[in-house]
Amino acid sequence: MDEKQKYDVVIIGGGTSGCACAYNCAKNGLKTLLVEKNNFLGGLMTGGLVVPIMKSSINDINCDYYKKLIQVSKKYNAQITYKDGNDGWLNPELLKIILEDVLSFDNLDILFETSTESIIYEGSIIKSIILNSNLLSLPIEAQYYVDATGTAEFSILANCDILDSHDKKQQNSLRFILGNVNLEEFCSFIKKIDNNEDITNTYRDEINTNTELHFTTASTWDTLTHWALDKYLQQGVKDGILQESDRAYFQVFSIAGGLGQVAFNCPRIDNYKNNPYMSSKELINARKAIYRLYNFVKQYFPGFQNAIITNIATQTGVREQNRVKTKYVFTKDDLISSKTFNNPVLMANYSIDIHSDKKNGSILQKTSNYMLPIESLISANYENLFAIGKILGADFEAHSALRVQKSCMSMGEAVAKHITKMN
Ligand SMILES: Cc1cc2nc3c(=O)[nH]c(=O)nc-3n(C[C@H](O)[C@H](O)[C@H](O)COP(=O)(O)OP(=O)(O)OC[C@H]3O[C@@H](n4cnc5c(N)ncnc54)[C@H](O)[C@@H]3O)c2cc1C
């Protein structure tokens, strides 16, 4: 295919933020191409098994896509609204189908199993790119390019400046799901042992199903907090079933439309940013830890006796890796001081949330409402390149609050609206 295909906008990465951007570009009439290296959409929401969407946005700024996603997910029985009013509890496997439904537009092409081979630029303008789809080279020309890769792979290929976090890093996690769990039995057990509603709570979805029981609970090895489940994990370590590191962070949720399924936001693993050999070893360690945790819950938690491993994430849970230098780099001070900006991308209040490998090193710091400016999503190196989602231009601490899914979706939506105005 030698002739260049022409688009108004090309979005690289069909994950959390990229899908939001593609939806809004297409809805606004732009000829749009969405490029995804996996054979499904959703990124961390599907391949990473990251559920639920955290409550974060205030005032519904740039939440059209989020609302559409919730509305369509309801149609597939893949959504519940939890008792705290969070309607972002979705089913990660069904989302692969739902996202294709949401993104079905005549003016939107999706290319799966495709990555960028090269980028052709003149001065501060990206002119065209060559994609690689199953070893076939595809020349593409567009007015605007959006890096939604979650890794900044596109921006790095374009030689953009990347922000340095000076050895600060978040732990990664490899999430997994167990099936065939008796939720009634497990919920009556956790309710008896933990009355801290902030950590452990259950909810029967009477609005939709009248039967589905949901819950969330967690445990950490931090000594400053006393979470009820930890004594069971400590016992697991004493009995040789778990390793000490398995106690670091243990968090589980039920899944919308996933009867008898439980999603694990663990184990945590080390984040070797520039060492692929160590990163690969860590994935092997993570799967060993998953097997330990699986055997542990089967033996120690009522309801898990007949559990089976149904999913192990196909995308590693990388919380933070590369952030792109943008026209305005948003800082922790901006966030804490609730600095105001005209036409903000979002208004949110999700906490500063840093997962550390050290005991008592993790931070979950509540914040007031904060805004993000569009300039934090516009590349400092190219006029027609945007960076959205977890690669936005923010410092390490501000990033830890802004990286949640609803905020990433608002970033995609805001950039789509910005491009529409400029086009
Ligand atoms: C372990 C963990 C737990 C979390 N828990 C929560 C939670 O409970 N609630 C919440 O709201 N948020 C949570 N988050 C944060 C949130 O899930 C992410 O920050 C957010 O989903 C990132 O969205 P994104 O669009 O930047 O990246 P992604 O969703 O990862 O999307 C990136 C996409 O780009 C594709 N891609 C990458 N490179 C290329 C390429 N070269 N060419 C084409 N495609 C490419 C990938 O395959 C992927 O589909 C968690 C994150 C992690 C890691």
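Since the model is a prediction, treat every value here as computed from it, not as a measurement. Values reported hereafter were calculated over all heavy atoms of this structure, with side chains retained and with hydrogens, waters and symmetry mates removed. As the structure lists them, so they are numbered: ligands from 1, and atoms in each ligand from 1.
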Is the Lys NZ or Arg CZ of [X] less than 6.0 Å from the centre of [Y]'s six-membered ring, within 45° of the axis?
X	Y	result
K83	Y203	no
K27	Y65	no
K298	F304	no

Regarding ligand 1, does [X] bring an N or O atom to under 3.5 Å of one of the ligand's N or O atoms?
X	value
P52	yes
T16	yes
G389	no
E153	yes
Q315	yes
N38	yes

Report the nearest protein non-hydrogen atom to [atom]: residue, atom name, distance rounded to 0.1 Å.
atom	result
atom 31 (O) of ligand 1	G15 CA, 3.3 Å
atom 1 (C) of ligand 1	R319 NH2, 3.4 Å
atom 27 (O) of ligand 1	G150 CA, 3.9 Å
atom 6 (C) of ligand 1	V50 CG1, 3.2 Å
atom 26 (O) of ligand 1	K390 N, 2.9 Å
atom 17 (O) of ligand 1	Q405 NE2, 3.3 Å
atom 47 (O) of ligand 1	E36 OE2, 2.6 Å
atom 24 (P) of ligand 1	S17 OG, 3.8 Å

Derivation of the side-chain hydrogen bond (donor to acceptor under 3.5 Å, both in side chains) call for E153 and S155: CA-CA 6 Å; E153 198 176 310; S155 302; over 6 Å; no
Quick check, are the ring centers of [X] and [Y] under 6.0 angstrom apart?
X	Y	result
F253	F215	no
H399	F330	no
Y249	H355	yes
F112	F40	no
F386	Y145	no
Y232	F296	no

Check each atom of ligand 1 against the heavy atoms of [X] and keep those under 4.0 Å away; list them by number with element.
X	result
I53	11 (O)
V318	53 (C)
V35	43 (C), 44 (N)
I12	42 (N), 43 (C)
R403	14 (N), 15 (C), 16 (C), 18 (C), 19 (O), 20 (C), 50 (C), 51 (C)
N265	1 (C), 3 (C)

Expected output: side-chain R247 to main-chain L233 donor-acceptor under 3.5 Å: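 No, R247 side chain to L233 backbone: no donor-acceptor pair under 3.5 Å.
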Donor-acceptor contact below 3.5 Å, side chain N322 vs main chain I162: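 Side chain of N322 to backbone of I162: no pair is present.
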Going by heavy atoms, is [X] under 4.0 Å from ligand 1?
X	result
H355	no
T116	no
T114	yes
M45	no
G47	no

Counting heavy atoms only, which part of [X] comes closer than 4.0 Å to ligand 1: side chain, backbone, both or neither?
X	answer
A148	backbone
L44	both
I391	neither
K37	both
K406	neither

Working for side-chain contact (heavy atoms from CB on, under 4.5 Å), residues N132 and T114: CA-CA 5 Å; N132 188 307; T114 303; 5.9 Å; no
From CA spacing to verdict: side-chain hydrogen bond (donor to acceptor under 3.5 Å, both in side chains), R319, S173: CA-CA 8 Å; R319 293 186 169 83; S173 297; 3.0 Å; yes
Candidate pair T420 and N28, rule side-chain hydrogen bond (donor to acceptor under 3.5 Å, both in side chains), full reasoning: CA-CA 7 Å; T420 309; N28 295 345; 3.0 Å; yes
Worked check of side-chain contact (heavy atoms from CB on, under 4.5 Å) between Q170 and S400: CA-CA 9 Å; Q170 294 259 13; S400 77; 3.4 Å; yes
Full working for side-chain contact (heavy atoms from CB on, under 4.5 Å) between L138 and Q5: CA-CA 8 Å; L138 306 176; Q5 298 290 312; over 6 Å; no
